[in-house]
A.B. asks: 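Input: one structure, supplied below.
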Amino acid sequence: MSYETQPTASHYVNGAYLEDSAGAAIPVIYPATGAEIARVHAATPAVVEAALSAAVEAQTLWAEMTGRARGRVLTDAARIMRERNRALSELETWDTGKPLQETLVADATSAADALEYFGGLAASLTGEHIQLGEDWVYTRREPLGVCVGIGAWNYPTQISCWKGAPALACGNAMVFKPSETTPLCALKVAEILTEAGAPAGVFNVVQGMGEVGSLLVTDPRVAKVSLTGSVPTGRKVYAAAAAEMKHVTMELGGKSPLVVFDDADLENAVSGAINGNFYSSGQVCSNGTRVFVQRGIKEAFLARLAERVKSAVIGDPMDEATNFGPMVSQRQMEIVQRYIEKGIAEGARLVAGGKRLEREGFYLEPTVFADVTDGMTIAMEEIFGPVMAVLDFETEDEVIARANDTAFGLSAGVFTRDLSRGHRVIGKLRAGSCFINSYNDAPVEAPFGGVKASGVGRENSKAAIEHYSQLKSVYVRMGDVEAPY
Ligand SMILES: NC(=O)c1ccc[n+]([C@@H]2O[C@H](COP(=O)([O-])OP(=O)(O)OC[C@H]3O[C@@H](n4cnc5c(N)ncnc54)[C@H](O)[C@@H]3O)[C@@H](O)[C@H]2O)c1
Ligand SMILES: C[N+](C)(C)CC=O
């Protein structure tokens, strides 16, 4: 890694890097080679304490600043991020293994979008005036206090800003714990926020596994927890937060349906299925991994899909021509390999891929199964890797019922030239982030999040403000107070 991109210590607390090598060592593995490229240490209780007390102290002062002043810090951070996009994208690639071709356009840029958007909103966060005869009520939009953000490993820069930007815009402070698999990127976000003028302690980063996350979640000084992770972790964190009446946002997993009707534009539908299954080597929460294709178009769809998937450029993620990289870790690669074996064993037809590449690093081929049925494991469980399950269907009512027959509800997509049908079907699919004739777009202006087991709350858009602030209502009596005795 170049000097410019290398964080200089494990944690970022109270406006500066902090090391405490007493914490367990966490190796940072470059997924394209399997080599250890850095090492951080899990936060000791002393580091967690330092981060939380810094956040408590900083939050009061930060909340007293005007929204405009807070917003300026965020928009300055966005500008710095854009100026350093290449270095930050390279770091994202070192951390995750995602191809530079992707990280240059999807990670620091999306993080900067969030900083810019919430920076822009900060000055106009207000309460309201409610006239009640001569008396009146006014509401104050107040911050929650100290918020904890906990990240998954697939989008480390983006996740830290999707949580940090709205939290800070509302006057909260944050302690962010990245995934132990990708610990580097959030440190640079913290560094940039300091450079942009964020007071020390407003955004802190501590490393560690679930135990460190758990320490943060249960601390009584923490008012809110926002987790991006798997459903099992979400259940634990939600339960722990609920026991202390904390606010939560839960961005969890999915097994989302992508429905392709006979009348769809074939090339666009295949593009949607590719984007919705193989971007980031399939490690995207909202992926449309159950691709329901209407019988009339099925064979043409599969033929074109297999042809295009075979042209993926798999290789060195730092080579900008590469458009398909390794899995994030050996562990994740092995999980996905087991699902591929299950798919074959349960009778699905392998149309493309299915194998590990014979090279160093954690590379699997983009894999497509056809003739998948609803009860197969690969159609029911989140795989979080490059495995697409293609199922066929006959009628609209049938596909809606089957698409909804899942515990998850993160995303859903429909490809059709019949726009009335597109809107009708999307209206009936139980999912939070949906697409018509597209898949996986996630602009900061749109609310993002799931229903059912896929999550609680929304990130991005004005909706996120509701999740990082609370209303205080103040009744103002203009006349005398009447009392019964
Ligand atoms: N909905 C979304 O926006 C979204 C985005 C990205 C990833 N995801 C989901 O994330 C999952 C993959 O990421 P992962 O493997 O890192 O998930 P994970 O659940 O294993 O870990 C997520 C984070 O939670 C922490 N953690 C684990 N146990 C904890 C505990 N008891 N208390 C507090 N923190 C704890 C981990 O250290 C990590 O930082 C997939 O299910 C994917 O769908 C969801
Ligand atoms: C939010 N998104 C879809 C970009 C990444 C989720 O894994």
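The chain is numbered in sequence order, starting from 1. Basis for what follows: all heavy atoms, side chains included, without hydrogens, waters or symmetry-related copies. It should be emphasised that the depicted structure is a prediction, and the values quoted were computed from it without experimental measurement.
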A.B. asks: Might you point out which heavy atoms bring Ile465 and Cys170 nearest each other, and give the distance in Å?
C.D. replies: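 Answer, listing the atom of Ile465 first, then Cys170: CD1-SG, 3.8 Å.
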
A.B. asks: Evaluate side chain to side chain contact (heavy atoms under 4.5 Å, CB included) for Val368 paired with Val390, printing each intermediate quantity in order.
C.D. replies: CA-CA 7 Å; Val368 179; Val390 179; 4.0 Å; yes

A.B. asks: Is the closest basic N to carboxylate O distance between Glu396 and Arg424 below 4.0 Å?
C.D. replies: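 Counted as a salt bridge, because a side-chain N and a carboxylate O are separated by less than 4.0 Å.
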
A.B. asks: Can a side-chain donor-acceptor contact be found between Thr157 and Glu92 if the only test is distance below 3.5 angstrom?
C.D. replies: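 Present: a donor and an acceptor within the cut-off.
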
A.B. asks: Check this for me: does any side-chain nitrogen of one of Glu394 and Arg295 sit under 4.0 Å from a carboxylate oxygen of the other?
C.D. replies: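 Here Glu394 pairs with Arg295 in a salt bridge, since their nearest N and O are under 4.0 Å apart.
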
A.B. asks: What do the steps show when you test Glu102 against Ser280 for side-chain hydrogen bond (donor to acceptor under 3.5 Å, both in side chains), and what is the final call?
C.D. replies: CA-CA 8 Å; Glu102 280 189 22; Ser280 304; 3.0 Å; yes

A.B. asks: Would you call Lys355 and Glu358 a salt bridge, taking side-chain N to carboxylate O under 4.0 Å as the test?
C.D. replies: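 Between Glu358 and Lys355 there is no salt bridge, as every charged N stays at least 4.0 Å from the carboxylate O atoms.
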
A.B. asks: Looking only at heavy atoms, which two atoms of Ala412 and Ser256 are closest? And how far apart?
C.D. replies: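 Shortest heavy-atom separation between Ala412 and Ser256 comes out as N-CB, 4.5 Å.
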
A.B. asks: For the pair Glu36 and Arg39, find out whether any cationic side-chain nitrogen is under 4.0 Å from an anionic carboxylate oxygen.
C.D. replies: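 Answer for the salt bridge query: yes.
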
A.B. asks: To the closest 0.5 Å, what do you measure between OH (Tyr339) and CD (Glu346)?
C.D. replies: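 The OH atom of Tyr339 sits 10.5 Å away from the CD atom of Glu346.
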
A.B. asks: Does Tyr155 have its ring centroid less than 6.0 Å away from the ring centroid of Trp162?
C.D. replies: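 Ring centroids of Tyr155 and Trp162 are no less than 6.0 Å from each other.
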
A.B. asks: Can you see whether Glu341 engages Gln337 through a side-chain donor-acceptor pair at a distance of less than 3.5 angstrom?
C.D. replies: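 Not at all, the side chains of Glu341 and Gln337 share no donor-acceptor pair under 3.5 Å.
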
A.B. asks: With sequence neighbours excluded, tell me which residues meet side chain to side chain donor-acceptor pair (under 3.5 Å) with Arg458.
C.D. replies: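 In terms of side chain to side chain donor-acceptor pair (under 3.5 Å), with neighbours along the sequence ignored, Arg458 is linked to no residue.
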
A.B. asks: Within this structure, what is the CD-CG distance for the pair Glu398 and Asp392, rounded to the nearest 0.5 Å?
C.D. replies: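 Result: 8.5 Å between the selected atoms.
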
A.B. asks: Mind checking whether Glu382 and Asn287 have side chains closer than 4.5 Å, heavy atoms only?
C.D. replies: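 Not touching, per the 4.5 Å side-chain cut-off.
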
A.B. asks: Say you draw a straight line from CD of Glu251 to CG of Asn460; how long is it, rounded to the nearest 0.5 Å?
C.D. replies: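 Here the rounded value is 8.5 Å.
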
A.B. asks: Quick one: does any side-chain atom of Asp95 pair with a main-chain N or O of Cys185 as donor and acceptor, under 3.5 Å?
C.D. replies: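 Indeed, once roles are kept as given, a pair shorter than 3.5 Å links the two residues.
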
A.B. asks: Nearest heavy-atom pair of Val206 and Leu216: which atoms, and what distance?
C.D. replies: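 Nearest pair, atom of Val206 first, then Leu216: CG2-CD1, 4.0 Å.
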
A.B. asks: Report yes or no: do Thr103 and Thr93 form a side-chain donor-acceptor pair below 3.5 Å?
C.D. replies: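 Yes, a side-chain donor-acceptor pair sits under 3.5 Å.
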
A.B. asks: With a 4.0 Å cut-off, would you call Glu116 and Arg82 a salt bridge?
C.D. replies: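 Arg82 and Glu116: salt-bridged.
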
A.B. asks: Hey, are the side chains of Val336 and Pro386 touching, using non-hydrogen atoms and a 4.5 Å cut-off?
C.D. replies: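 Answer yes - side chains close enough.
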
A.B. asks: Got Ser281 and Phe324 here, is their nearest side-chain heavy-atom distance under 4.5 Å?
C.D. replies: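 Sidechains of Phe324 and Ser281: in contact.
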
A.B. asks: Indicate whether the side chain of Thr249 and that of Lys224 have a donor and an acceptor atom separated by less than 3.5 Å.
C.D. replies: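 A donor-acceptor contact under 3.5 Å links the two side chains.
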
A.B. asks: Can you confirm whether Leu227 sits close enough to Val248 that some side-chain heavy atom of one is under 4.5 Å from a side-chain heavy atom of the other?
C.D. replies: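 Answer no - side chains too far apart.
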
A.B. asks: Pairing donors with acceptors under 3.5 angstrom, does anything connect the side chains of Ser110 and Asp113?
C.D. replies: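 There is no such pair between these side chains.
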
A.B. asks: Is any side-chain heavy atom of Leu88 closer than 4.5 Å to a side-chain heavy atom of Ile192?
C.D. replies: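 Yes, side chains in contact.
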
A.B. asks: In terms of side-chain geometry, is the basic nitrogen of Lys188 or Glu191 positioned less than 4.0 Å from the acidic oxygen of its partner?
C.D. replies: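 The answer is yes: the pair qualifies as a salt bridge.
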
A.B. asks: Is there a side-chain contact between Phe435 and Val414 (heavy atoms, below 4.5 Å)?
C.D. replies: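 They are not in contact (no side-chain heavy atoms under 4.5 Å apart), so the answer is no.
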
A.B. asks: Taking atom types as modelled, find out whether Tyr12 and Thr194 have a side-chain donor-acceptor pair closer than 3.5 angstrom.
C.D. replies: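 Judged by distance alone, the side chains do pair up.
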
A.B. asks: State, without any angle test, whether Tyr117 and Glu445 hold a side-chain donor-acceptor pair at a distance under 3.5 Å.
C.D. replies: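 No - no donor-acceptor pair under 3.5 Å links their side chains.
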
A.B. asks: Could you go step by step and tell me if Asp371 and Lys298 meet the salt bridge (charged side-chain N to carboxylate O under 4.0 Å, His left out) rule?
C.D. replies: CA-CA 10 Å; Asp371 302 340; Lys298 177 186 151 189; 3.1 Å; yes

A.B. asks: Mind checking the CG-CZ spacing from Leu350 to Phe369? Nearest 0.5 Å is all I need.
C.D. replies: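 It is 5.0 Å, given to the nearest 0.5 Å.
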
A.B. asks: Can you label the angle between the Trp94 ring and the Tyr30 ring as parallel, tilted or perpendicular, going by 30° and 60°?
C.D. replies: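 Tilted, since the angle between the ring planes falls between 30° and 60°.
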
A.B. asks: Looking at Arg290 and Asp374, does any basic side-chain N land under 4.0 Å from a carboxylate oxygen?
C.D. replies: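 Looking at Arg290 and Asp374, the cut-off is not met.
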
A.B. asks: Which heavy atom of Phe118 sits nearest a heavy atom of Ala169, and at what distance?
C.D. replies: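 Reported closest heavy-atom pair: O-CB, 3.5 Å.
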
A.B. asks: Checking Arg84 against Glu195 for the salt bridge (charged side-chain N to carboxylate O under 4.0 Å, His left out) test, could you report, in this order, the C-alpha distance in whole Å, the side-chain angles of both residues, the deciding distance, and whether it holds?
C.D. replies: CA-CA 13 Å; Arg84 297 189 195 154; Glu195 199 178 328; 2.6 Å; yes

A.B. asks: Do the side chains of Ile436 and Leu419 get nearer than 4.5 Å, heavy atoms only?
C.D. replies: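 Heavy-atom side-chain distance check passes, below 4.5 Å.
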
A.B. asks: So, Ser10 side chain and His41 main chain: donor-acceptor pair closer than 3.5 Å or not?
C.D. replies: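 Yes, Ser10 side chain to His41 backbone: donor-acceptor pair under 3.5 Å.
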
A.B. asks: Against the six-membered ring of Phe176, is Lys163 placed for a cation-pi contact (under 6.0 Å from the centre, within 45° of the normal)?
C.D. replies: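 No, Lys163 does not lie over the aromatic ring of Phe176.
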
A.B. asks: Compare every heavy atom of Leu115 with every heavy atom of Met81, then report the nearest pair and how far apart it is.
C.D. replies: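 Taking every non-hydrogen atom into account, SD-CD1, 3.8 Å.
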
A.B. asks: Identify the two heavy atoms, one from Ala370 and one from Val351, that lie closest to each other, and give their separation to 0.1 Å.
C.D. replies: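 Looks like CB-CG2, 3.5 Å.
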
A.B. asks: Can you tell if the side chain of Ile150 reaches within under 4.5 Å of the side chain of Thr228, non-hydrogen atoms only?
C.D. replies: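 Answer no - side chains too far apart.
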
A.B. asks: Under a 4.0 Å threshold between the charged nitrogen and the carboxylate oxygen, would Glu299 count as salt-bridged to Arg304?
C.D. replies: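 Salt bridge flag = no for Glu299 with Arg304.
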
A.B. asks: Please round to the nearest 0.5 Å and tell me the distance separating atom CG of Leu184 and atom CG of Leu91.
C.D. replies: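 Taking CG in Leu184 and CG in Leu91, the distance rounds to 5.5 Å.
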
A.B. asks: Who are the side chain to side chain contact (heavy atoms under 4.5 Å, CB included) partners of Val399, not counting sequence neighbours?
C.D. replies: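 Side chain to side chain contact (heavy atoms under 4.5 Å, CB included) check on Val399 returns Val259, Phe261, Phe292, Phe393.
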
A.B. asks: Begin with the C-alpha distance, continue with both residues' side-chain angles, and end with the deciding distance and a verdict on side-chain hydrogen bond (donor to acceptor under 3.5 Å, both in side chains) for Ser286 and Asn440.
C.D. replies: CA-CA 7 Å; Ser286 47; Asn440 259 353; 2.7 Å; yes

A.B. asks: Any chance CZ of Arg235 has more than 12 other-residue heavy atoms, nucleotides or ligands included, within less than 6.0 Å?
C.D. replies: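 At most 12 heavy atoms, drawn from other residues, nucleotides or ligands, come within 6.0 Å of this atom.
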
A.B. asks: Tell me if the NZ atom of Lys462 is crowded by more than 12 foreign heavy atoms within 6.0 Å.
C.D. replies: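 Atom NZ in Lys462 is not crowded, with 12 or fewer foreign heavy atoms closer than 6.0 Å.
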
A.B. asks: What is the distance from atom CD1 of Ile26 to atom CE of Met209, rounded to the nearest 0.5 Å?
C.D. replies: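 Ile26 CD1 to Met209 CE: 6.0 Å, rounded to 0.5 Å.
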
A.B. asks: If we count only N and O atoms by modelled type, under 3.5 Å, do the side chains of Thr406 and Arg430 hold a donor and an acceptor together?
C.D. replies: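 There is no such pair between these side chains.
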
A.B. asks: Mind checking what makes side chain to side chain contact (heavy atoms under 4.5 Å, CB included) contact with Asp265, not counting sequence neighbours?
C.D. replies: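 Partners of Asp265 under the side chain to side chain contact (heavy atoms under 4.5 Å, CB included) test: Glu267, Asn268, Arg417.
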
A.B. asks: Between Val291 and Phe301, does the side chain to side chain contact (heavy atoms under 4.5 Å, CB included) criterion hold? Intermediate values first, please.
C.D. replies: CA-CA 11 Å; Val291 181; Phe301 178 88; 3.9 Å; yes

A.B. asks: Under 4.0 Å between a side-chain nitrogen and a carboxylate oxygen: does that hold for Arg86 and Glu320?
C.D. replies: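 Salt bridge: yes.
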
A.B. asks: Going by atom types alone, do Thr416 and Asp263 pair a side-chain donor with an acceptor below 3.5 Å?
C.D. replies: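 Indeed, the side chains of Thr416 and Asp263 share at least one donor-acceptor pair under 3.5 Å.
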
A.B. asks: Is the shortest side-chain N to carboxylate O distance from Asp107 to Lys98 below 4.0 Å?
C.D. replies: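 A salt bridge links Asp107 with Lys98.
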
